[in-house]
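I have placed the structure first, in the form of structure tokens, so that the comments after it can refer back to it.
Reckoned from all heavy atoms, side chains included, excluding hydrogens, waters and symmetry mates. Quick note: residue numbers are just sequence positions, from 1.
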Amino acid sequence: MESITSKAEDVVKSFLAKDGSGHDWWHIHRVRNNALMLAKAYPQADLQVVELAALLHDMGDYKLHNNDVEAGNQFLNETINSLGVDNELGKRILEVIAQVSYKGAGVETDTTTIEAAIVQDADRLDAVGAIGVARAFAYGGSKHRLMYDPDQKPESHDDFESYRNAEGTTINHFYEK
């Protein structure tokens, strides 16, 4: 019988197989590996929650669902249900995922569990360095955003909605983040 983790990996690989926005399988692979490495320092962390949340953290991302938050949430819930996880584990995975993603410059993204902190840190580690820069430009290009415009200044966001609806340049994203 295939494990829940193996099923999740297969579903994620299939869903992200053709992604060109920087939210591809290899991003997920790096986040999972980083999360599991970080989790070793926290023996109280639930490794199953960490690994499944890391694997599934972008499945409901609005950016992969035509900027539709509700469609993304529904898809994530359906994906988790299709894996056959029990309700308690499913709720814990969803709680972690809700706290992982960047929500905009100036928007607090506090974590409430060690598992959420671990997966959030792992995801953010993948957003820095050469790979993070490449991913930002891949995403900007996939959304037909300008790379740079000196007349467009970086902006702070009051909430997630203003961040989600912003159409700033890719270079500004680095200053905002």
Problem set entry | Distance, nearest 0.5 Å, that separates CG of L125 from CG of L38 | 6.0 Å

Seminar exercise, completed: The side-chain contact (heavy atoms from CB on, under 4.5 Å) partners of T5 (sequence neighbours excluded) come to S3, R32, E51, L52, L55

Exercise. Considering only heavy atoms from C-beta outward, does the side chain of V31 approach that of D58 to under 4.5 Å?
Worked result: no

Exercise. Do E78 and Q74 meet the criterion of a side-chain donor-acceptor pair at a distance under 3.5 Å?
Worked result: yes

Problem set entry | Smallest separation among heavy atoms of G20 and S142, with atom names | O-CB, 4.4 Å

Exercise. Which is it for V12 and M59 under the side chain to side chain contact (heavy atoms under 4.5 Å, CB included) test, yes or no, and what are the steps along the way?
Worked result: CA-CA 7 Å; V12 173; M59 293 296 283; 3.8 Å; yes

Problem set entry | L146 CG to I171 CD1 distance, which is reported to the nearest 0.5 Å | 11.0 Å

Problem set entry | Beyond-backbone contact of L64 with L16, side-chain heavy atoms, under 4.5 angstrom | yes

Exercise. Nearest 0.5 Å, what's the CG-CG distance between L94 and L56?
Worked result: 9.0 Å

For this session: Return yes if some donor-acceptor pair links the side-chain N/O of N172 with the main-chain N/O of G168 below 3.5 Å, else return no.
Result: no

Exercise. Are side-chain heavy atoms of Y42 and I118 found at a separation under 4.5 Å?
Worked result: yes

Exercise. Is the shortest distance from a Lys or Arg side-chain nitrogen in E115 or R92 to a carboxylate oxygen in the other one below 4.0 Å?
Worked result: yes

Seminar exercise, completed: Between the CZ atom in F15 and the CD1 atom in I28, the distance rounded to the nearest 0.5 Å is 10.0 Å

Exercise. Any luck finding a side-chain donor-acceptor pair between D61 and H65 under 3.5 Å?
Worked result: no

Problem set entry | For the student: nearest non-hydrogen atoms of I93 and A53, plus distance | CG2-CA, 4.1 Å

Exercise. Going by the angle between their ring planes, with limits at 30° and 60°, are W26 and H29 parallel, tilted or perpendicular?
Worked result: perpendicular

For this session: Check whether the ring centres of H144 and Y139 lie less than 6.0 Å apart, and answer yes or no.
Result: no

Exercise. Could you go step by step and tell me if E70 and Y62 meet the side chain to side chain contact (heavy atoms under 4.5 Å, CB included) rule?
Worked result: CA-CA 8 Å; E70 287 305 313; Y62 72 93; over 6 Å; no

Problem set entry | Distance in Å, L47 CG paired with K40 NZ, rounded so as to fall on 0.5 Å steps | 9.5 Å

Problem set entry | Shortest non-hydrogen contact between G84 and I4, atoms and distance | O-CD1, 4.3 Å

Exercise. So, does K153 use its side chain to make a donor-acceptor pair with the main chain of P150 at under 3.5 Å?
Worked result: yes

Exercise. Do the non-hydrogen side-chain atoms of R30 and I131 ever get within less than 4.5 Å of each other?
Worked result: yes

For this session: State which residue, out of H27, Q120, H23, Q99, fulfils the side chain to side chain donor-acceptor pair (under 3.5 Å) condition with H57.
Result: H27

For this session: Over all heavy atoms of both residues, which pair between G22 and A138 is shortest? Give the atoms and the distance, please.
Result: N-CB, 4.2 Å

Exercise. Roughly how far apart are I80 CD1 and F75 CZ, rounded to 0.5 Å?
Worked result: 11.0 Å

Exercise. For the hydrophobic clusters of this structure (ILVMFWY residues joined by side-chain heavy atoms under 4.5 Å, transitively), does one cluster hold both V133 and Y175?
Worked result: yes

For this session: Give me the one residue out of V50, V49, I114 that meets side chain to side chain contact (heavy atoms under 4.5 Å, CB included) with V119.
Result: V50

Problem set entry | N/O donor-acceptor pair under 3.5 Å between N66 side chain and D68 backbone | no

Exercise. Below 4.0 angstrom, N of the basic side chain to O of the carboxylate: do E95 and K91 qualify?
Worked result: no

For this session: Identify the heavy atoms of A116 and T113 that sit nearest to each other, and give their distance.
Result: N-OG1, 3.0 Å

